[in-house]
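Single-structure report; data block below.
Keep in mind that this is a model prediction, so the values were computed, not measured.
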Amino acid sequence: MKVLFSTDLHGHIFKYEKLKKIVTNDNIDVFIIGGDILPKFTSYIDQQIFILNFLNNFLKEFNKLNIPLLIDFGNDDMSCNYELFLNIINQYKNIYNFHLNKVTLNNIDFIGMNFVPDYPFALKDWCRIDNKDRGIDPLQFGFPLFSTLNGYERISNYSKWLNFKLSIEEQLNILPKPENNVIYLFHSPPRNLGLDITYKNLAVGSYAITNFLENNKCLCALCGHIHESPDMSGNFYNKSLYTENIVIQPGQNNNEGKLKYCIFNLNDIESTIKLYKK
């Protein structure tokens, strides 16, 4: 099974169009778009609605290719629009969401979770406490906000707001259980694998995801979130220490007018995986 994976497209229409051409020209069997599919955090909620309308047309045409596409929200995609997103993709038989969900294709389970550990930025829709040892990010820019259909609302007591929700560790423990070989789809990369390195050379991935991968064997895990990490660390994939699960994080380019993506074959991931920037 030949897999195409890209992530963090942030509403760039030309990247969607490039990916569609790659799917058809490279005989792809499964296409996966990781989280952050809409424009980055902005005061204009209508901008995300505009891209959702584009996605509706894009997915309508893509569905005709009869190739499965797994796609979902990430931390910059406003949760107030999530129901609209699900209504869009549920129209199409070949399009699937994976957040807290299990999708089985060709006897392989795809299981996902898009929550990320808390970060310094204002939009907190998809932020969660990582585990009991890592809570709120000590550096914060601006006031914590969450999205609503009427605009953004301030979170007056952010600690209480976070602690009311399940942590990433708790969410991982209640994910659907695989019945076949499994691929995990996370938005946050794990910690300590060199896949979460920021421009400031800081590791910001999830300890909970690292621990999960050390205790759950899988064909591979796919993640994104930290666009610059492959350029900073030189690694776009790595292996968990004990289980040797392959974890893939292609990153993404924001300002070069190019698209980053990976293609690999599930029969032999490590020898076939390639990172492209076009």
Side-chain angles (χ1 to χ4, degrees), residues 1-40 47-48 50-77 81 85-86 88-99 103 105-106 108 110 112 114 183-187 189 195 220-231 236-237 248-266 269 272-278:
M1 183 185 293
K2 195 174 184 181
V3 178
L4 167 64
F5 173 55
S6 190
T7 185
D8 296 273
L9 301 184
H10 286 287
H12 291 288
I13 292 175
F14 80 92
K15 294 184 178 183
Y16 284 97
E17 299 294 354
K18 279 188 176 182
L19 286 166
K20 183 179 177 182
K21 291 180 181 178
I22 294 165
V23 167
T24 54
N25 294 338
D26 287 37
N27 298 314
I28 299 300
D29 297 306
V30 177
F31 179 24
I32 302 170
I33 297 178
D36 284 354
I37 60 177
L38 306 178
K40 287 177 70 68
Q47 188 177 355
Q48 292 211 344
F50 172 81
I51 296 299
L52 277 169
N53 288 332
F54 156 76
L55 269 179
N56 191 17
N57 293 324
F58 174 84
L59 296 177
K60 181 179 181 179
E61 293 303 312
F62 185 89
N63 187 64
K64 296 176 183 177
L65 298 178
N66 208 32
I67 296 169
L69 166 63
L70 294 95
I71 183 171
D72 224 309
F73 271 24
N75 62 283
D76 277 321
D77 301 321
N81 292 325
F85 165 72
L86 292 179
I88 288 172
I89 66 169
N90 286 339
Q91 299 176 68
Y92 307 115
K93 66 176 183 178
N94 296 312
I95 317 294
Y96 307 88
N97 76 293
F98 53 80
H99 176 61
V103 178
L105 302 168
N106 295 330
I108 295 174
F110 295 81
N114 280 343
I183 294 176
Y184 288 108
L185 311 173
F186 303 125
H187 191 51
L195 304 175
C220 66
L222 308 179
C223 53
H225 188 36
I226 310 302
H227 300 195
E228 66 271 26
S229 185
D231 295 327
F236 73 94
Y237 80 93
I248 300 168
Q249 208 283 68
Q252 196 51 261
N253 289 88
N254 295 331
N255 302 316
E256 295 182 7
K258 294 184 178 180
L259 166 74
K260 292 180 79 173
Y261 61 95
C262 287
I263 293 178
F264 55 92
N265 197 305
L266 290 182
I269 296 173
T272 60
I273 184 170
K274 293 183 179 180
L275 176 67
Y276 298 88
K277 182 169 72 172
K278 295 181 178 180

### Task
Scan side-chain atoms only and decide if H227 and D8 contain a donor-acceptor pair under the 3.5 Å cut-off.
yes
#### Entry: Aromatic ring pairing Y16/F58, orientation class (parallel under 30°, perpendicular over 60°, tilted between)
perpendicular
### Message
Do F110 and I32 have side chains that approach each other closer than 4.5 Å (heavy atoms only, starting at C-beta)?
### Response
yes
### Message
Is the distance from the ring center of Y237 to that of F264 below 6.0 Å?
### Response
no
### Query
When you look at CG of N265, are more than 12 heavy atoms from neighbouring residues, nucleotides or ligands closer to it than 6.0 Å?
yes
#### Entry: Steps toward side chain to side chain contact (heavy atoms under 4.5 Å, CB included) verdict (N253, K260)
CA-CA 7 Å; N253 289 88; K260 292 180 79 173; 2.5 Å; yes
### Query
Taking the side chain as C-beta and beyond, is there a heavy-atom pair between I183 and L266 under 4.5 Å?
yes
### Message
Are the side chains of L259 and L9 in contact, using a 4.5 Å heavy-atom criterion?
### Response
yes
### Message
Pair D72, L185 - check side chain to side chain contact (heavy atoms under 4.5 Å, CB included), show working.
### Response
CA-CA 10 Å; D72 224 309; L185 311 173; over 6 Å; no
#### Entry: Ion pair D231/K277, N-O distance below 4.0 Å
no
### Task
Find out whether D36 and T7 are in side-chain contact, i.e. whether some heavy atom of one side chain is under 4.5 Å from a heavy atom of the other.
no
### L105 vs Y96 side-chain heavy atoms within contact, under 4.5 Å
yes
### Query
Do the rings of F31 and F62 sit parallel, tilted or perpendicular, given the 30° and 60° boundaries?
tilted
